[in-house]
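As a basis for the values below, the full set of heavy atoms in this structure was taken, side chains included, without hydrogen atoms, waters or symmetry mates. Letters A, B, ... mirror the listed sequences (proteins, then strands); counts begin at 1.
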There are 2 protein chains.
Amino acid sequence: MRQDNRMPRVLHALLHLDQMTDPATSDLLAGMLNTNAAVVRRTMAGLRDQGFVTSTKGHGGGWVLAKPLSEITLAGIYDALGAPKLFALGCGNEESHCLMEQAANAATAEALRVASETFLSVLSAITMADLARDYETRMKELGLNPDDYRFDASKIP
Amino acid sequence: MRQDNRMPRVLHALLHLDQMTDPATSDLLAGMLNTNAAVVRRTMAGLRDQGFVTSTKGHGGGWVLAKPLSEITLAGIYDALGAPKLFALGCGNEESHCLMEQAANAATAEALRVASETFLSVLSAITMADLARDYETRMKELGLNPDDYRFDASKIP
DNA sequence: AATCATGTAACTTTAAATGATTCATGATCC
DNA sequence: GGATCATGAATCATTTAAAGTTACATGATT
């Protein structure tokens, strides 16, 4: 299957949302994420259902962050995306009648299970506020002032 | 992409190989693995290159285990398969100019890196002999004697 | 020489995210 | 109230790599 990039995309989108003074339209976000509005709507739908963001229709509508970044963990986002399949590796058919196949599948499954546990535990220890801090660090490393880069869509000529 | 099941397949194949008295043809293995000979050859090629198995052509040819199971770790097999892509999840484009995207990608990549480390460390702690023991346990749990099930292709009528 | 089995290359199939398009629905502005 | 804006959703095409398939050359055994 194709690579699933929803996770980093959504993180990226949330960081931008946090810096917006007005609701961000799907089109605007799509431009930032190098994709299109339909993908944005589809991907953000889960976050809306979980209360991380809200969306409004009509003039001046769009996406708005509904919680402070410090209250959003990466694990929460992963869940909101529907806990997408993590591995490209499979562990075979579950209901095999061959006992050797069962042993082979069980060993593979166990290694994947442990790796998945690790992954989730790392995600639950990181909040979006941590990412925002990382972003600001990157800004300063380039000698830039983050305050100069907050996004005010109403100021686009 | 489609699920990658080479790992559990190869483990399964090696367990069978260990119980063979004669070389196993790709066709025989394919029957055991519910696939076809070409896939078996393709998948086992890496194991041959790493010296885990040998293959011989012609009458009576086929695949033979080249090392005791206790000297084959699952990590070694994973490597022999070319260390296939582990995750279905991606961590975005590496060379993004957007610092927010960089922060989002870095966080995702870090979680994946840690999970991958865990995966490999579990694999390196398991040998094929462990799987063989697990297989024998499963046999005994069903009240069967593993010795009755060794495979002697020459005895197929 | 015939047969068997691997080695390899080329092509097709498959699954799932992503890209793209369309239309209905609701909110805002004039 | 009508035009416009934006989401919600459904549908269809595209993409990607493993897996399935087919074909043929090469080498070993009988």
Is the phosphate of [N] approached by [X] (side-chain N or O, under 4.0 Å from OP1 or OP2)?
X     : N      : answer
B:R9  : D:dG20 : yes
A:S26 : D:dA6  : no
A:R48 : D:dG8  : yes
B:T56 : C:dT6  : no
B:R41 : C:dT6  : yes
A:T25 : D:dA6  : no

Distance check needed: [N] [atom2] versus [X] [atom1], whole Å only.
X     : N      : atom1 : atom2 : value
B:M7  : D:dA19 : CE    : P     : 13 Å
B:K57 : D:dA25 : NZ    : C1'   : 8 Å
B:W63 : C:dC4  : CH2   : P     : 20 Å
B:Q3  : D:dG20 : CD    : P     : 12 Å
B:L89 : C:dT18 : CG    : C1'   : 14 Å
A:L33 : C:dG19 : CG    : P     : 10 Å
A:K85 : D:dA18 : NZ    : P     : 12 Å
A:L86 : C:dA17 : CG    : C1'   : 15 Å

Measure the spacing between OG1 of B:T43 and CG of B:L33 and express it to the nearest 0.5 Å. 8.5 Å

What is the distance from atom CE of B:M128 to atom CG of B:D18, rounded to the nearest 0.5 Å? 8.0 Å

Assign each of B:A24 and A:H59 to its nearest nucleotide of DNA chain C by heavy atoms, then name whichever residue's nucleotide is nearer the 5' end.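 The residue closer to the strand's 5' end, by nearest nucleotide, is B:A24.
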
Report the residue (A:G58 or A:T35) whose heavy-atom-nearest nucleotide on DNA chain C is the more 5′ of the two.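 The answer here is A:T35.
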
Please verify the inter-ring angle class for A:F87 with B:F87; under 30° counts as parallel, over 60° as perpendicular, anything in between as tilted. parallel

Check whether any side-chain heavy atom of A:R9 lies under 4.5 Å from a side-chain heavy atom of A:H12, and answer yes or no.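 In short, these two side chains do not touch, never coming nearer than 4.5 Å.
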
Quick check: do A:T127 and A:E71 have side-chain heavy atoms less than 4.5 Å from each other? no

Consider the side chain of A:R6, meaning its heavy atoms from C-beta on, and name the nucleotide among C:dA17, D:dT4, C:dT8 that approaches it most closely. C:dA17

Check: C:dG19 base within 3.5 Å donor-acceptor of A:R42 side chain: yes

Taking the nucleotide of DNA chain D with the nearest heavy atom to each, does A:G61 or B:A38 sit closer to the 5' end? A:G61

Is B:N36 touching bases, backbone alone, or none of the nucleic acid, heavy atoms closer than 4.0 Å? base

